Structure formats: C-alpha cells, structure tokens
Amino acid sequence: MIKKIFFVFTLIFITTSILLPQENPVFISDENNLENTNIIENTEETTEKLDIKESIISLLRNTAFGGFFPKSEEDIEKDRIKEEKSIQEKYEIKLHDIQIKKVPLWQNLIMIFVGLVLIYLAIAKGFEPLLLIPIGMGGILANIPVANIAAIPVVQVINNIPVTLSAGGFLGQVYTFGIEAGLFPLFIFMGVGAMTDFGPLIANPKTALLGAAAQIGIFGTLLGAMLLSAYVPVITFTLRDAASIGIIGGADGPTAIFTASKLSPSLLGAIAVAAYSYMALVPIIQPPIMKLLTTEEERKIVMKQLRPVSKREKIIFPLTVIILIALLLPDAAPLIGALMFGNLIRESGVTERLSKTAQNEFINIVTILLGLSVGSKLAAEKFLRFETIGILVLGLVAFSMGTAGGVLLAKLMNLFSKEKINPLIGAAGVSAVPMAARVANKVGQESNPQNFLLMHAMGPNVSGVIGSAVAAGVLLAILG
C-alpha cells in the first residue's frame, strides 16, 4: 500500500513537471536600475567552481582564530561584491514573491491534492503527524486561488521610515517572522534540547564518531546535486542550492529549514517536505540498508550496559559544547546554542518550569507555526518544477548514504576495538531523534530478542543532531 502511495505521488510530480512550462520569470528593473536577473537559473552561479584553498581559508576566518588570516584589499573587495550580490538576490526573491503570476487552476488543484496526500500519510500511516498535518494544511491554504493567504508583507522605506504597503496573508506574515528571520528552527532546537538526554553519548563518547560518519550523506549529496545540474539540462542547482539539499541527509528538519532559508529560500518548500517526509519514512528506508550491510552475527552483537552519568557531567557537557562551537564554528552557534540552552535548563535541576514549558507548550506552538509557514511555500508556481523531482531523489540518496555511513564506520571500528559495537547503532547517526534509535533497536531484536540497543543507539542519534548542525555551520561559513 505504501509503495503504491509513493508511486502515485512521484508520478504526479513527474507528469506535472513535464507538462508545466519551464520558463523562468524575468523582472523589470526598479527605480534604482537593478539589472534584470533570473532567480531560478543563474548561469554564472551554476558554473561556479569551489576553490578548496579559498574555502578552507574562509572557514578559518569564520572562527575565533580568524585574526591569524587577515584579508587583503582584494579579498575585502570580493566580500563587498559578494554582499551586494546577496542583497540583489534577496531583493529579486522578494520581488518574485510579490509579483507571483496567477497559475492555471488545475495546478492549484494538484498542489491541494499534494497537501491532502501529506495529511493522509500523517493520519492514516502516522508519518510525522505533528509536522506533516500543518505542512499539508499550509500547502492547501497557499493554493486557494485569489485568497492570497501566503502573500508576504510589502514594506517600503520612505524618508527612512518603513511604511507597510500590504500586510500580506497571515501565512506570509508568519513565514516572514519565523522562517525568513530564522527564528522557528532555533526555537525548535530549544525544545529538542530540553527533551534530549545526552547521557548515552557522554557515557560512550566514541559513538559520536558514528554520528559524524552519518553526515557523509550531506556532502555526498552536495556533489550529487552539482553533477545532476551539470548533466541534466532541465535541472539547474547552484552550489548554494546543492548545499541546502545536502542537509536533508542529516535527517534534521529544523537544520534543513535553517540552512535553506539562508542559502536557497526559493527551494525551501521542496527541501522541507523532502526532509520531513524521509524522516517520517525512517522505519521503511533504514532497515533494508542496515540488513544489506550487516551479517546476522553482527546484528546479534550484545553491547555491555552503559555506565551511569553524573548530574555534574550532564551540566558541564552543554556548556563545553557551546564554548567549543563559539570558538571553532560561530556559524553553527545559533543552532547548537539553542540546542544546548534547552538541554541546560533540563539538566540544571533548578528550572523545571522552563524545561517543561520548552518540552511542551513552547515547542508545540512553534511546531504549528513552522509547519504552516513551510507549507505556505508549496505554491504551485514554485513546487511543480523539474528541480522538485531532483530534490526528492537527492534527498532519498542523502538519507541512504547517511544511514550506510554510520553502519560502515561501526564495522570498521570493530576491526580495531576489543569491545565490539553492534553496527546497527551506526544507522542511528542520522538525527531523526528518537525514531532512528528505535529502528536500530527493533532490527537488533529481530535477530536477538534479548538484545536491547535503544540506549546505545541514542549516543550516535543525539551526536547526529550536533553533527548536522555543525555540517550546516561549515556550509554557511563557506557559502553564506
């Protein structure tokens, strides 16, 4: 049944993408004579090449030790041009959102059907219902003709005073406040931190390597997106687009949204839907990969019980991580900082009210608004394109690579370790918490009913959350 649903789902995308005209909008220059630019297909940006040396230097400059790598006048001029170009791109995206042309009614109906499919999967199959229901409803509301529910606010500065020309639709207002400003993913991370126990990771630190290995899907998919763009004429992904798509491999919805909102706002809807859809499909996607890469004997490996972790260790951990991130990768500090703050109010023992609020009311409210605002980007003119097919395919590849990376590293570690690791827990390195850990435990018990891997799998699982945020920080430092 599930295979049939997704076959139909994919067939709809392929059919509509072929039928839709793949023309790109061209905008009229404004009063400042801004150059006409194609925001969907930019030849110069598509053909750009990543200079490894410059990327490393850029990454080092975005640390607390950046003073050791002073910029030359040429570098300063390049940064100025890059900043102007970034402002131009943001302007064009805003202009595109404001000047959206009406699409044929049948396209709106297709996207409304897509929203209904997401809601069906959430209700009937239990696939991430807390997010797929709001996203599906947001997509339905965004495609109601004439209503303009997803229209963004329009503000013009006159004599240095911002004047609101149009308040926009309510979903557009929520999107501008929460997604464009980058607040909702950070709020979600606060709640996730308050619900997360880092004890298994602290008790067995080497499992952090499994969480790191699972991030191979991010960088592998980045390369895959660029290759797809190079060899498939109807798909054009820039390097920034490829980086945003790659984050899907971390199976971390908030991080994917945060990164896409910074690097590729025009692809946000497709990236968010792909990220959360594959997170919901963890129990379906991961087991075949896990079984393919492990033997029956490996799946039966029993790991010894974890040592108790003291309260002091649990308090020191988030503070240490924040300090290290602030020094080594400030671009990841917003995500990691929010995560660790949430964890600190959980573990401190003196802020129980704050912890309970973050775990319940706060994250529930933000989840509703996040889902609706992400769904508002599922407008037909943005979603029904060849690029959407590419994102869905690459997202699946990224997720599969991340799962395989964790399992294979665990097998490699067993070659040099006296205490054997059950390779299944490596699959939990993707940061779908705690679903990936539960899947690892379930697959392990199929081979050995007396094998309990849940707490062991939580180590790489929570390290995967940190790993995906760090990977996003690296990409933002280089490309942002």
Side-chain angles (χ1 to χ4, degrees), residues 52 198-224 246-252 278 282 285-307 321 324 328 396-448 451-472 474-475:
I52 301 299
F198 286 104
L201 175 61
I202 299 171
N204 192 4
K206 66 182 179 182
T207 57
L209 296 175
L210 302 178
Q215 308 314 311
I216 190 175
I218 293 176
F219 298 98
T221 306
L222 189 156
L223 298 176
I247 294 295
I248 297 173
D252 192 335
Y278 292 133
V282 165
I285 297 174
Q286 284 198 316
I289 299 173
M290 296 159 71
K291 292 177 181 179
L292 177 66
L293 298 176
T294 58
T295 64
E296 185 73 17
E297 290 71 25
E298 287 175 326
R299 294 195 290 273
K300 289 181 178 180
I301 293 176
V302 177
M303 300 178 65
K304 71 176 185 179
Q305 186 175 356
L306 296 172
R307 69 171 179 85
V321 171
L324 289 175
L328 301 177
L396 179 59
V397 172
F399 195 85
S400 301
M401 288 179 64
T403 300
V407 173
L408 293 176
L409 181 63
K411 290 168 68 76
L412 179 64
M413 291 171 66
N414 281 342
L415 297 177
F416 306 97
S417 176
K418 293 181 180 179
E419 296 181 3
K420 300 299 181 181
I421 297 174
N422 191 311
L424 294 177
I425 71 170
V430 297
S431 51
V433 181
M435 192 181 300
R438 290 174 180 168
V439 170
N441 182 68
K442 180 180 178 182
V443 175
Q445 288 189 330
E446 289 176 359
S447 298
N448 180 2
N451 199 2
F452 299 96
L453 298 173
L454 182 60
M455 293 309 296
H456 298 284
M458 285 303 297
N461 207 187
V462 296
S463 72
V465 178
I466 300 174
S468 61
V470 169
V474 170
L475 295 174

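Throughout, residue positions are numbered sequentially from 1 according to the sequence presented. Model, not experiment: these values are computed from the prediction.
- To the nearest 0.5 Å, atoms CZ (F452) and CE (M303) are separated by 15.0 Å.
- Between V407 and I289 there is no side-chain heavy-atom pair separated by less than 4.5 Å.
- The side-chain heavy atoms of R299 and K291, taken from C-beta on, include a pair separated by under 4.5 Å.
- Within 6.0 Å of the CD1 atom in I216, the count of heavy atoms belonging to other residues, nucleotides or ligands does not exceed 12.
- Note that CG of N204 is 11.5 Å distant from CE of M455, once rounded to the nearest 0.5 Å.
- Atom CD of E446 sits about 9.5 Å away from atom CG of L424, to the nearest 0.5 Å.
- Minimum heavy-atom separation, V430 to A214: N-CB, 3.7 Å.
- Across all their heavy atoms, S468 and G250 have their closest contact at CB-CA, 4.3 Å.
- The shortest side-chain heavy-atom distance between T221 and F399 does not fall under the 4.5 Å cut-off.
- Each of L209, L409, L210, L201 was compared with P460 under the side-chain contact (heavy atoms from CB on, under 4.5 Å) criterion, and only L210 meets it.
- Heavy-atom minimum distance, I248 versus A398: C-CB, 4.4 Å.
- With K411 contributing its side chain and E298 its backbone, the two residues share no donor-acceptor pair below 3.5 Å.
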Using the side-chain contact (heavy atoms from CB on, under 4.5 Å) rule, take R438 and N441 through it: C-alpha gap first, then chi angles, then the decisive distance, then the call.
CA-CA 5 Å; R438 290 174 180 168; N441 182 68; 5.6 Å; no
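- Counting all heavy atoms, side chain and backbone alike, Q215 lies closest to G429 at NE2-O, 3.7 Å.
- Residue K442 qualifies as open at atom NZ: its count of foreign heavy atoms under 6.0 Å is 12 or below.
- Taking all atoms of both residues into account, the shortest heavy-atom contact from A437 to M458 is CB-SD, 3.6 Å.
- In this structure, CE in M401 is found 12.0 Å from CG in L396, a value given to the nearest 0.5 Å.
- Two residues are said to be in side-chain contact when any heavy atoms from C-beta on lie closer than 4.5 Å; K206 and S417 meet this criterion.
- Contact check for I218 versus L475: side-chain heavy atoms found under the 4.5 Å cut-off.
- Side-chain atoms of H456 and N422, non-hydrogen and from C-beta on, never get closer than 4.5 Å to each other.
- The heavy-atom pair separating I425 from A440 by the smallest distance is CA-CB, 4.3 Å.
- Counting heavy atoms from C-beta outward, I421 and I301 have side chains that stay 4.5 Å or more apart.
- Considering only heavy atoms from C-beta on, V462 stays 4.5 Å or farther from P200 through its side chain.
- Of the inter-residue distances, the one linking L408 atom CG with T403 atom OG1 reads 10.5 Å to the nearest 0.5 angstrom.
- Within the model, atoms CG of N448 and CD of E296 stand 9.5 Å from one another, a figure rounded to the nearest 0.5 Å.
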Derivation and outcome, side-chain contact (heavy atoms from CB on, under 4.5 Å), residues I247 and D252:
CA-CA 8 Å; I247 294 295; D252 192 335; 5.8 Å; no
V321/L324 under side-chain contact (heavy atoms from CB on, under 4.5 Å): CA gap, chis, key distance, verdict:
CA-CA 5 Å; V321 171; L324 289 175; 5.8 Å; no
